[in-house]
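Letters go in sequence order (proteins before strands), and every chain restarts at 1.
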Number of protein chains: 2
Amino acid sequence: MSDIDLIIERLELRGHRITSSRRRVLDAVLAQQAHFTVDDLLHTTRKVGRATVFRTMKILLDLNIVCRVMMDDGALHYRLSTGRHHHHLVCTNCGRVEDFSNCDVNSLVRDLQSATQYEIEAHWLEVYGRCQSCQLLASVPESKSAATSKRATSARGGRRGNN
Amino acid sequence: MSDIDLIIERLELRGHRITSSRRRVLDAVLAQQAHFTVDDLLHTTRKVGRATVFRTMKILLDLNIVCRVMMDDGALHYRLSTGRHHHHLVCTNCGRVEDFSNCDVNSLVRDLQSATQYEIEAHWLEVYGRCQSCQLLASVPESKSAATSKRATSARGGRRGNN
DNA sequence: CTCTAAATGAGACGTAGTCTCTGGTCAAGG
DNA sequence: CCTTGACCAGAGACTACGTCTCATTTAGAG
Ligand SMILES: [Mn+2]
Ligand SMILES: [Mn+2]
Ligand SMILES: [Zn+2]
Ligand SMILES: [Zn+2]
């Protein structure tokens, strides 16, 4: 049973209908090898409405089939998910993304919980740095290579790392 | 020397001019007791252009005078910052925000660094939960109280806690 | 096959933020 | 005093990302 069939099964279980549009979006998602935006999907899936792609992505997000990565310029990209809880290590130069699961906030959560009396439900952690190949290319600004380095466009937000 | 004078001094040091618009934005920012949006500022500072408010906020962000909080609905709000590295604990019910600094990712960073060979530069961590008063009000959906619980508007994004 | 609830897609709308352009303020220098 | 030039303000167009509305289509249960 292929990936797509498994996902379709899960969609059906949730009572979602398997429409041709959804199938096309799903195909496009599974064809992505790195992270992507809804716009990327729209370019590859002709004939699917924008709203439908957004709606489908929301479902896939609920099912943990995709996750979202906050790029260092503030843009939110989608990415196929392992389904398990994890976080992202994002290269601020080329946009390459590494997952990691050895998330050790549990002790932090315990401390916070007793210090603030909050009932902690979730957390969001993204780490930023330079991947090995981008370090080697030192200051040479690798114009447009590696991973999914589309979007030279200036972009909004920006500035990761909080204070 | 008041807060505002200290900030103005820092702006001047960076070569920014102290204009009446900037002063008005600054006043509005300092008058906020919780987190706020640019739109909130626009409502309180009459006669300052939208672009100018955004431009001023960007400067304040660079100077670590304000920071941004990712609300659990995905909205980015501004908040007066301590200036030091810290993170946010956000109540998913009323929007109250607590800062915390006992951020113990350093060991995680070390592990990641050696495991992935990334040169880690920054991280972003937000924690979500229910504050004490919202726990007491159990399932009673406190319609519109506490902290800065404006914005009943549906909102984008949503879904904190990653996977 | 029939029927209906669910889904689609076009496009309007909302919000956050940037950009462009024109005009203003102000300080330095002649 | 006048010019110059850097910085800045504000209006409004524009972009990105996402939601909503509504008329139409379709999946899939019976
Ligand atoms: Mn974690
Ligand atoms: Mn930290
Ligand atoms: Zn890289
Ligand atoms: Zn609360």
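- Comparing G49(B) and E12(A) along DNA chain D, the residue whose closest nucleotide (by nearest heavy atom) sits nearer the 5' end is G49(B).
- In this structure, R22(B) and R50(B) both approach DNA chain D, and ranking their closest nucleotides by distance from the 5' end singles out R22(B).
- If you measure from atom OH of Y78(B) to atom P of dA16(C), you get 10 Å, rounded to the nearest angstrom.
- Ranking dT26(D), dG9(C), dG17(C) by closeness to the T52(A) side chain, first place goes to dG9(C).
- A donor and an acceptor atom, one from each side chain of S20(B) and R24(B), are located under 3.5 Å apart.
- Look at H16(A) and you won't find any side-chain N or O under 4.0 angstrom from OP1 or OP2 of dA6(C).
- Atom CG of L41(B) and atom P of dA9(D) are 15 Å apart (whole Å).
- Between the CD1 atom of I18(B) and the C1' atom of dC26(C) there is a distance of 14 Å, given to the nearest Å.
- Within the 3.5 Å criterion, the main-chain N or O of C131(A) finds no donor-acceptor partner in the side chain of E98(A).
- Judged by distance alone, with hydrogens and angles left aside, R55(A) brings a side-chain donor or acceptor within reach of the base of dG9(C), the pair sitting under 3.5 Å.
- The base of dC8(D) does not come close enough to the side chain of R17(B) for any donor and acceptor atom to sit less than 3.5 Å apart.
- Hydrophobic clustering of Ile, Leu, Val, Met, Phe, Trp and Tyr side chains at less than 4.5 Å, counting indirect connections, unites V90(B) with M70(B).
- Considering only side-chain N and O atoms, T19(B) lies nowhere under 4.0 angstrom from the phosphate OP1 or OP2 of dC8(D).
- Contact annotation: S21(B) side-chain N/O to dC8(D) OP1/OP2 distance is not under 4.0 Å.
- Comparing dA6(C), dG10(D), dG9(C) against the side chain of R24(A) picks out dG9(C) as the nearest.
- Atom C1' of nucleotide dG11(C) and atom CG of L42(A) are separated by 14 Å, given to the nearest angstrom.
- If you measure from atom CG of L61(A) to atom C1' of dC17(D), you get 14 Å, rounded to the nearest angstrom.
- Taking each heavy atom of L89(B) and G129(B) in turn, the nearest pair found is CD1-N, 4.5 Å.
- At dT18(C), one or more side-chain N or O atoms of K58(B) fall inside 4.0 Å of OP1 or OP2 (strictly under the cut-off).
- Between D62(B) and R14(B) there is no salt bridge, since none of the side-chain N atoms of the basic residue sits less than 4.0 Å from a carboxylate O of the acidic one.
- In this structure, the NZ atom of K47(B) is 22 Å from the P atom of dC8(D), given to the nearest Å.
- Separating the CZ atom of F54(B) from the P atom of dC8(D) is a distance of 19 Å, rounded to the nearest angstrom.
- The separation between H35(B) atom NE2 and dA16(C) atom P is 14 Å, rounded to whole Å.
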